[in-house]
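Let me begin by presenting the structure, written as structure tokens, before commenting on it.
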Number of protein chains: 2
Amino acid sequence: MSLRHGLLGLLAEGPASGYDLARRFQEALGTVWPAQHPRIYAELSRLAEAGLIEVDSHGPRRRKAYRITGEGLAEVRRWLAEGEVDHTFRMETLLRAYFFWLMEPAELRAHLERERAFYAETARTLRAYARAKDRGEWGTGPQVRAMRVALEAGIRINEALASWAEWARETDPMAPGSPGSPGAAASPAPAAAPPPEAEG
Amino acid sequence: MSLRHGLLGLLAEGPASGYDLARRFQEALGTVWPAQHPRIYAELSRLAEAGLIEVDSHGPRRRKAYRITGEGLAEVRRWLAEGEVDHTFRMETLLRAYFFWLMEPAELRAHLERERAFYAETARTLRAYARAKDRGEWGTGPQVRAMRVALEAGIRINEALASWAEWARETDPMAPGSPGSPGAAASPAPAAAPPPEAEG
DNA sequence: GAGCGCATGTAAAGGGTTACATGATTCT
DNA sequence: AGAATCATGTAACCCTTTACATGCGCTC
């Protein structure tokens, strides 16, 4: 679980309210770490209870800003230093790829083209952001430079996936005529290996 | 939620027990879609109840193999065709990158080197698998070709991340001397923007 | 017959999403 | 005055993980 540390990390930049944090999670970390406001408010309560953050100020519309404590800052730093990184990356795109053999070739080609377009466009958008940061439009502080590094990872992953989708479409791995491919729209065949002997 | 469809997809290849599916989820889909056996058994019960799968056979040690039904096969295909792909990729590596500015430069360099090594090694392993498949060591059926395509995505993502980690380490974005970097082990400073007025 | 690996589950606790609810302030 | 937006939360449901529990079959 890293929402806890994500919140601490954002609060290390300065005080913020649950609403602020929800917005920043959505904008900055939306694709790598989605978080909805109910979870965020709940987690903030827990963090406050644990003394890792504390109420900084009360604002206009019951706004309540939190501030990270020394303990909290130590905890993020401990988390970052400790090093045990979870390397799983949950990606539906990749899960689906395992089941491409169940798709009609035409459908698959269309799907891969949509995927390619999506990742290429995302990479393009991120690259524009990166260039803006490189021009110093967002300042040159350490946070901005860290974000630039994160951005670079996003760019490279999206580019990799775009080029993968293109490669897959060109390779046409499930093309009709290839051995074992589902005959073009002909039979919605059972597809299973050992044919069932009898029902029940 | 795609565990449901993941199970249906695997069962489309042929009958399997919960135990088999847990093992295959771990081995084939472990990094992209982790799933533990309790969830798998629970989901199999639900799928059976919904008529998407049914008991195929009973084996030695209370083993219970399931088989996909026509309805189940239609459901996976519907899922694959429908197209609404969730493009979020939860990656701790990327989340951490946003907080690199909180790390000591030396620590960060060490971290990036560990990450680089990990992704490079993973890519290497996957590439070896891919070559084996290309030599036809696992057959040439549609499932194998689909897996080859998925494998290619894994290779490209891991290569992208390895090259990113190397780039980041060489760029040395949080190097001492750069404006605003945490002075080498000097002050465990508050780091926050607006300094708190008073305690409590 | 001891131990290992196969095989299936339950229980508890926590994480995450969606829907619902509400109040306060600003803008038009 | 009405609408939009800021802001915080509760409730219900589902997903996920970890720990616990148990029994069968094979191998040594």
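Below, read A as the first sequence line, B as the second, and so on, with proteins coming before strands; counting in each chain starts at 1.
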Identified salt bridge (Lys or Arg N to Asp or Glu O under 4.0 Å) partner of D56(B) from the options K64(B), R63(B), R67(B): R67(B)
Sugar-phosphate only, base, or nothing, as touched by R63(A) at under 4.0 Å among non-hydrogen atoms: sugar-phosphate
Sugar-phosphate only, base, or nothing, as touched by R23(B) at under 4.0 Å among non-hydrogen atoms: nothing
From [options], pick the nucleotide closest to the side chain of [X]?
X	options	answer
Y19(A)	dT22(D), dT8(D), dT25(C)	dT8(D)
P60(A)	dT25(C), dC26(D), dT8(D)	dT25(C)
Q36(B)	dT17(D), dC15(D), dT8(D)	dT17(D)
L3(A)	dG16(C), dT17(C), dT8(D)	dG16(C)
Y41(A)	dT16(D), dA7(D), dT17(C)	dA7(D)
K64(A)	dG9(C), dT16(D), dT8(D)	dT8(D)
R39(B)	dC15(D), dG15(C), dT8(D)	dC15(D)
R61(B)	dT8(C), dC24(D), dT26(C)	dC24(D)

dT8(D) phosphate, OP1 or OP2, under 4.0 Å from S17(A) side-chain N/O: yes
Short side-chain N/O contact from R62(A) to OP1 or OP2 of dT22(C), under 4.0 Å: no
Figure out the [atom1]/[atom2] separation between [X] and [N], and round it to whole Å.
X	N	atom1	atom2	value
H58(B)	dG25(D)	NE2	P	14 Å
E92(A)	dC15(D)	CD	P	14 Å
L95(B)	dG16(C)	CG	P	11 Å
H37(B)	dC15(D)	NE2	P	18 Å
L21(B)	dC6(C)	CG	P	15 Å
R90(A)	dT17(C)	CZ	C1'	14 Å
I40(B)	dC15(D)	CD1	P	14 Å
R46(A)	dG16(C)	CZ	C1'	13 Å

5′-ward residue of the pair Y66(B)/E43(A) relative to DNA chain C: Y66(B)
One thing to verify: whether [Y] and [X] come together as a salt bridge, which I'm taking to mean a side-chain N less than 4.0 angstrom from a carboxylate O.
X	Y	value
E115(A)	R169(A)	no
E113(B)	R109(B)	no
R24(B)	E13(B)	yes

Aromatic plane relationship, H87(A) with Y119(B) - under 30° parallel, 30 to 60° tilted, over 60° perpendicular: perpendicular
Upstream residue (5' side of DNA chain D) when R4(B) and G59(B) are each assigned their closest nucleotide: R4(B)
is_close_aromatic(F25(B), H37(B)), centroid dist under 6.0 Å: no
